[in-house]
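Report on one structure; see the data block that follows.
No hydrogens, no waters, no symmetry mates; every other heavy atom, side chains included, goes into these values. In listed order, ligands and their atoms are each counted from 1.
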Amino acid sequence: MKVHHFKTLDSTNTKARDFSKNNLIVADTQTKGRGRHKRQWDSNKGGLWLSIVLEPKTKNPAELTFLAAVAVQKAIKRTTKLETKIKWPNDLLHKDKKLCGILTEAIFKGNSKKMIVGIGINVNNKLPISLKSKATSIKEILKKETNLKGLLTNLINQFNTLHKTYQEKGFIPILNKWKSSCDTIGKAIKVKTLKQRLVGKAIKVNKDCSLTIRLKNNKLKKIVEGDIFTV
Ligand code: BT5
């Protein structure tokens with residue numbers, strides 16, 4: 001993986017569109033960092049904001065989001081000893097506060113297909129007051145700075161290892177690792193999708209990365225996108 005470092009970008013995911021597979025774009029700050037559905041991603045100096053370009057066989061970007069979540073979790077653990085939990089579909093939490101968000105975008109151009117895995121980790125960056133109740137940083141938790149380069153190196157190693165497994169053995173081993181660190185299953189949750197709001201219990205995460213919930217009327221429902229909140 002070749003690393004391309006920039007001081008400032010609008011978004012590493014946007015810049016990554018100019019690159020081919022196995023390139024990694026990292027920026028000290030982003031002026032227009034984004035989350036899902038064009039939501040704003042706060043990207044001050046001190047965080048790790050990066051995108052990895054891949055050309056996978058899969059049509060499902062969520063598989064790479066899951067892979068990245070496991071890689072980030074392992075890299076954070078190895079670098080700082082901090083334990084985190086994965087929250088469906090694209091977050092890493094520490095004590096219910098968001099430490100990392102992942103945004104995988106698929107780009108189709110003619111016959112070629114690229115996927116860009118965007119990873120944002122709050123490391124030494126300051127978070128705005130508006131996010132204090134739902135987000136945290138490694139610095140806030142450990143009360144000390146973490147070396148960004150060291151964390152990035154660990155992340156690349158973990159990502160490469162998992163990606164090799166993924167290419168050789170498919171998604172199931174990745175899904176199994178993801179499931180064992182996932183904090184969502186078995187919990188009573190509220191779900192907010194683009195179209196509806198639901199209340200139920202998280203039952204399982206499926207092979208296609210969707211979440212099955214049991215509604216109050218006992219019916220099962222598959223959710224493919226959305227935000228979940230524990231109740
Ligand atoms: C995400 O979206 O969590 C995906 C975030 C991906 C960011 C990376 S950074 C590198 C790459 N380049 C980009 O432009 N993006 C990727 P979502 O689940 O939709 O969450 C977005 C929501 O998280 C926002 O609406 C805020 O409420 C909250 N948020 C914003 N900035 C945050 C931060 N730094 N830490 C924690 N939460 C944040």
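Atom CD1 of Ile129 sits in a sparse spot, with 12 or fewer heavy atoms from other residues, nucleotides or ligands closer than 6.0 Å. No more than 12 heavy atoms of other residues, nucleotides or ligands shown are found within 6.0 angstrom of NZ on Lys204.
With hydrogens and angles disregarded, a donor-acceptor distance shorter than 3.5 Å links the side chain of Asn122 to the backbone of Thr136.
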Evaluate the salt bridge (Lys or Arg N to Asp or Glu O under 4.0 Å) criterion for residues Arg36 and Glu105: first the C-alpha distance (whole Å), next the side-chain angles of each, then the deciding distance (0.1 Å), finally the verdict. CA-CA 9 Å; Arg36 291 171 300 154; Glu105 295 176 311; over 6 Å; no
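Sorted by chain then number, the residues whose non-hydrogen atoms approach ligand 1 to under 4.0 Å are Ser11, Thr12, Asn13, Gln30, Gly33, Arg34, Gly35, Arg36, Arg39, Gln40, Trp41, Asp42, Leu50, Ser51, Asn90, Asp91, Lys98, Gly101, Ile102, Leu103, Gly118, Ile119, Gly120, Asn122, Leu127, Leu131, Lys134, Ala135.
The side-chain hydrogen bond (donor to acceptor under 3.5 Å, both in side chains) contacts involving residues 84-94 comprise Asp91-Lys98, where partners must be two or more places apart or lie in separate chains.
Under the 3.5 Å distance criterion, with hydrogens and angles disregarded, no donor-acceptor pair is assigned to the side chains of Thr8 and Gln30.
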